[in-house]
J.: 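Quick one: structure below, then a few questions.
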Protein chains: 2
Amino acid sequence: MDRLDAMRAFVTVVNEGTFTRAADRLNMSPQLVSKYVSRLEEHLGVRLLNRTTRQIHLTEAGASYHQRAQQVLHDIEDLECQIGDLQTEARGMLRISAPVSFAIRHMAPLLSEFQQAHPGVGIDLQLNDRKVDLVEEGFDVALRIGHLKSSSLIAKRIAPIRMAVVAAPDYLKQNGTPQKLEDLQGHRYLRYSYIELDSSQPLHRWLQNNGQNDSNGMTSNNGDVLMEAAVAGAGIALQPTFISGPAIKAGKLQVILQEYEPEPMGLYAVYAHRQLLASKVRSFIDFIDGYFGDPPYWD
Amino acid sequence: MDRLDAMRAFVTVVNEGTFTRAADRLNMSPQLVSKYVSRLEEHLGVRLLNRTTRQIHLTEAGASYHQRAQQVLHDIEDLECQIGDLQTEARGMLRISAPVSFAIRHMAPLLSEFQQAHPGVGIDLQLNDRKVDLVEEGFDVALRIGHLKSSSLIAKRIAPIRMAVVAAPDYLKQNGTPQKLEDLQGHRYLRYSYIELDSSQPLHRWLQNNGQNDSNGMTSNNGDVLMEAAVAGAGIALQPTFISGPAIKAGKLQVILQEYEPEPMGLYAVYAHRQLLASKVRSFIDFIDGYFGDPPYWD
DNA sequence: GTCACTATCAACATTTCGTTGATAATAACC
DNA sequence: GGTTATTATCAACGAAATGTTGATAGTGAC
């Protein structure tokens, strides 16, 4: 027996004054209402109503139960309404994890616009380049760059991420401009710590074999530092264009080995489940999807 | 789906931290717990838990729901405990004192129904028209008719008791039908020994002055005898309608001087104290309250 | 890399649910 | 006073759910 339905039946009977009218109001048969109330009495072990065939009267227990049961039902109704509102109006705190360099450059205006469109949503943006555990760390959505392996998570591709080999024109003048992969030999390589190398890409394969343990290069877990270093002529960097784009346009960096440019990676929005998604999350996914354009504005 | 069970499942999962342990605690299979939580989420349209196969984490909606749901469950538990306590003790011997004529006519079906509703309660019904001492004589509850004076006892009004002046039609034909109080002079009055006369009622005042020491009437401490006597044409009686009702309906008695009918008295259930009332007594009070209807079925 | 654990899915027998038709009891009406 | 209409409840049946079992995939620990 659904005790809530039973409680609702009882309360309605008391409020309406008769089983039949209560049944009308609840859209069920009077027999069922009667059965519910009987079961409820049985369950409680108390007679709640003294009933003749024409009239009903509350017992003392019934009166006490009625009052509190009505309160409980009201509470539950409130509760469910509140949850529903939370759902339909897209509110609450949206916790986002995002790659540091990307977020610094491209998230601020997006989030600002998003919050204007959804005033009820607060944002907690955590910048982090490691792979956070969505569930463990309580993120609603994570932005990730790379080629995603399959997992139980849902990943939606938001934008392509082109990786370009760049160096400062001055550096190239001094050290020569590589035309083939082999020409990279001997150059100083500015390495990004978290880079995912894909051995099906020639450039990646070369880096894997030759670029890992060079001692004359530089390594950082921050793309901005590497980009600045490259601009300063510290060496050659494999950089996503969302970082290097402006410097390239400004002529501070020069793209080399363009024919070896790997297949673009992707910017992905990763979230837990496709169904029953909190609408703050859904709204954000919808919002960010297409926001950067195709090709993205930085390219 | 029993939403309460679903709520309980969800709350337990949150408290225990895992579906399996929650299932243990609830004595159900983990599959069922999972199903309950899923259904609850479906019902609410919100994901409450983000779960990997090894861990669970509350969503924002889940956290808010958890807190309030726990409150609601707690409320209901309290509610049922309170009602249950009332009931679990509803057993033992219930000693009732009641007016003779009333009990003979109207207590049997009530007590029968009451015992069906409360099989654990035995009944000792003592018929007595004098004012018994509840405590002294060990009664749980006494039914009394009259206008109760204040006392340390609790008196709950159960039903109105109308008093009607009646006589047999034949008697009235022979002796005339009184139209005013003065017309009663010379009539034979069938007097009830324990009657409480209230001098604010004109009829009572007249009886007090004129009806007490007449020698042509009749006195008894039993209303049935007086009613039968009235039906037999012995005189005029002031009778409660719960006695005379059927005879009036049957035409064996005729109501006279209706405009002088005193304010109705009451049938009261008198018991010792309101708090810490043995639930057999509470149940009986609840049961008899409203049982006779308003107006009562004999009127 | 293997193993143990966990949540979930799928399928099935059983239970329960909610309807329909019937019945007893009572108030209202002629 | 007798009839009618209303009311609560009972009984029984088909339909829908419940809760079990076995299977499956993902995940952390060793």
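Order of the sequence lines sets the chain letters (A, B, ...), proteins ahead of strands, with each chain counted from 1.
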J.: Does a side-chain N or O from A:Tyr36 land closer than 4.0 Å to OP1 or OP2 of C:dG18, or not?
T.: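 The answer is yes; a side-chain N or O of A:Tyr36 sits under 4.0 Å from OP1 or OP2.
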
J.: It should be established whether B:Arg39 places a side-chain nitrogen or oxygen under 4.0 Å from OP1 or OP2 of nucleotide D:dA17.
T.: no

J.: Whole-Å distance between C:dC9 P and B:Glu42 CD?
T.: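 Whole-Å distance recorded here is 10 Å.
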
J.: Would B:Asp170 and B:Gln174 count as having a side-chain donor-acceptor pair, cut-off 3.5 Å?
T.: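 B:Asp170 vs B:Gln174: no donor-acceptor pair found between side chains.
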
J.: Round to the nearest Å and state the distance from B:His57 atom NE2 to D:dG28 atom C1'.
T.: 13 Å

J.: May I have the distance from B:Glu41 (atom CD) to C:dT8 (atom C1'), rounded to whole angstrom?
T.: 12 Å

J.: Does D:dT9 have OP1 or OP2 sitting under 4.0 Å from an N or O in the side chain of A:Ser34?
T.: yes

J.: For DNA chain C, which residues in residues 2-24 of chain B have a heavy atom at a distance below 4.0 Å?
T.: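 The stretch gives B:Thr18, B:Phe19, B:Thr20 as the residues lying under 4.0 Å from the strand, ordered by number.
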
J.: Quick check: does any side chain N or O of B:Thr59 sit under 3.5 Å from a backbone N or O of B:Arg47, one acting as donor and the other as acceptor?
T.: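 Confirmed, B:Thr59 side chain pairs with B:Arg47 backbone.
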
J.: Does D:dT20 have its OP1 or OP2 closer than 4.0 Å to a side-chain nitrogen or oxygen of B:Ser29?
T.: yes

J.: Quick check for you: among C:dT19, D:dT20, D:dG28, whose closest atom lies nearest to any side-chain atom of A:Met28?
T.: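 From the listed options, C:dT19 comes nearest.
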
J.: Which of the following nucleotides, C:dA11, D:dC10, D:dG28, is nearest to the side chain of A:Gln31?
T.: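 Per side-chain heavy atoms of A:Gln31, the pick is D:dC10.
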
J.: Could you go through A:Asp289 and A:Lys156, starting from their C-alpha distance and side-chain angles, then the distance that decides it, and tell me whether this counts as salt bridge (Lys or Arg N to Asp or Glu O under 4.0 Å)?
T.: CA-CA 8 Å; A:Asp289 185 29; A:Lys156 189 183 179 87; 3.8 Å; yes

J.: Is it true that a side-chain atom of B:Arg21 and a backbone atom of B:Glu16 form a donor plus acceptor pair closer than 3.5 Å?
T.: yes

J.: Regarding B:Glu41 and B:Lys35, does a basic nitrogen lie under 4.0 Å from an acidic carboxylate oxygen?
T.: no

J.: Establish, from distance only, whether the side-chain atoms of A:Asp78 and A:Gln82 form a donor-acceptor pair under 3.5 Å.
T.: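 Absent: no donor and acceptor within the cut-off.
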
J.: Nearest to the side chain of A:Lys35 - D:dT21, D:dT9, C:dG18?
T.: C:dG18

J.: When you get a sec, tell me which of D:dG19, C:dT8, D:dT18 is the closest nucleotide to the side chain of B:Pro30?
T.: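 When the side chain of B:Pro30 is considered, C:dT8 is the closest of D:dG19, C:dT8, D:dT18.
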
J.: Test your reading of the model: is there a side-chain donor-acceptor pair from B:Ser244 to the backbone of B:Pro240, 3.5 Å cut-off?
T.: yes

J.: Mind calculating the distance between CD1 (A:Ile56) and P (D:dA8) to the nearest angstrom?
T.: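 Answer to the nearest Å: 7 Å.
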
J.: In terms of the nearest nucleotide of DNA chain D, which residue is placed more toward the 5' end: A:Val33 or B:Ala250?
T.: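 Mapping each residue to its closest nucleotide by heavy atoms, the 5'-most match is B:Ala250.
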
J.: Could you check how far NZ of B:Lys252 sits from P of D:dG1, rounded to whole Å?
T.: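 Computing the B:Lys252:NZ to D:dG1:P distance gives 10 Å.
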
J.: What is the distance, to the nearest angstrom, from the CG atom on B:Asn27 to the P atom on D:dT18?
T.: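 Rounding to the nearest Å, CG of B:Asn27 and P of D:dT18 are 19 Å apart.
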
